[in-house]
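Reminder, nothing fancy here: chain letters follow the sequence lines and each chain counts from 1. In this text, all values refer to a predicted model and were calculated from it rather than measured experimentally.
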Amino acid sequence: MALANSLIVLDFETTGISPDMGDRAIEIGAVKIENGVLTDRFQRLMNPGRRISPFIESYTGITNAMLKSAPGNAEVMAEFCEFIGDSNLLAHNAAFDKRFLDAELSKIKRRYPGNFACSLLVARRVFQSAENHKLGTLINHCNISCDGNFHRALFDAEMTAKLWLSILSTVEREYGLSNISFNEIQKLAKTPKKSIGKFLSSLAATER
DNA sequence: TGCCAGGCCCTCTTTAGGGCCTT
């Protein structure tokens, strides 16, 4: 089955860093990119069934009072599954968000058909001179306008989406690639840093 | 109650260790 020509950029806020140790999602934010344009948005708080720590309240700005009236994780994740459809997926440090997505969907016996890309791995290769590769640093590095609160799911997803478009435009501008594919970007994310120039030049040389 | 991860990537590497990144 061919996947849709769309990309879902997502970000979780969670009770901690390890779903294997019982941590749960408390917010999901996502945007849909179609043909280089943000065409849809999704944001929901979800009640994990227990109180969150003062650290997480401070880190995210999401409070126990806000979560008290939120729907449960199962209801929200089922709705999010419909939003994903058959799109491919993207997150900044995707290993983290993928673990939580897989854990939450496993609890409701749902799956997604798309592949997961990581803007962190790609940015480390394309923006090697950046001070570091945290999302906020890369947004500044790319001169992307930024008016909102980091560590809220929808805002981080929107910033990741804009970073992704900046990565694509940088690659296309510097290497003369007019339409790099999702699969080619996935290969780029696995290419050794020192070979990035050679890899992209080879793509440009063989471009349709 | 209190505790906690894991994949990537560099190098003083590969028979390993530690920083980065996410909440």
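Residues A/Thr60 and A/His151 have side chains that never bring a donor and an acceptor to within less than 3.5 angstrom of each other.
Taking atom P in both B/dG6 and B/dT1, one finds a spacing of 25 Å when rounded to whole Å. Using atom C1' as the reference point in both B/dC12 and B/dG19, the two lie 15 Å apart (nearest Å). The same atom, C1', is picked in B/dG2 and in B/dG7; the two are 26 Å apart, to the nearest Å. Taking atom P in both B/dC21 and B/dC4, one finds a spacing of 22 Å when rounded to whole Å. With both ends at atom C1', the span from B/dG18 to B/dT14 equals 15 Å, rounded to whole Å.
Taking the six-membered ring where tryptophan is involved, the planes of A/Phe150 and A/Phe155 are perpendicular, since the angle between them exceeds 60° and thus also 30°.
Between the side chain of A/Asn88 and the backbone N or O of A/Asn115, at least one donor-acceptor pair lies under 3.5 Å.
Using a 4.0 Å heavy-atom cutoff across all strands shown, A/Asp97 reaches no nucleic acid atom at all. Residue contacts for A/Ile17: at a heavy-atom cut-off of 4.0 Å it reaches a base atom on one of the strands shown. Using a 4.0 Å heavy-atom cutoff across all strands shown, A/Thr60 reaches sugar-phosphate atoms only and no base atom. Among the atoms of the strands shown, none is found under 4.0 Å from any heavy atom of A/Phe100. At a threshold of 4.0 angstrom between heavy atoms, the contacts of A/Asp23 with the nucleic acid are absent. Backbone-only engagement by A/Arg125 is indicated by non-hydrogen atom pairs under 4.0 Å involving sugar-phosphate atoms exclusively. No engagement by A/Ile26 is indicated, since no non-hydrogen atom pair under 4.0 Å with the nucleic acid exists.
Other residues, nucleotides and ligands place no more than 12 heavy atoms under 6.0 Å from the NZ atom of A/Lys187.
Residues A/Ser18 and A/Thr15 each lie close to DNA chain B; by heavy-atom proximity, the contact nearer the 5' end of the strand is made by A/Ser18. Each of A/Thr191 and A/Glu13 was matched to the nucleotide of DNA chain B holding its nearest heavy atom; the match closer to the 5' end belongs to A/Thr191.
For the pair A/Arg125 and A/Phe127, the cation-pi criterion (under 6.0 Å, within 45° of the ring axis) is not fulfilled.
The list of side chain to side chain donor-acceptor pair (under 3.5 Å) pairs with a residue in residues 154-165 of chain A, not counting sequence neighbours, reads A/Arg41-A/Glu158.
Taking a heavy-atom distance under 4.0 Å as the criterion, the stretch of DNA chain B touched by chain A extends 5' to 3' from B/dC4 to B/dT23.
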Derivation and outcome, side chain to side chain donor-acceptor pair (under 3.5 Å), residues A/Thr15 and A/Asp23: CA-CA 5 Å; A/Thr15 64; A/Asp23 285 317; 2.9 Å; yes
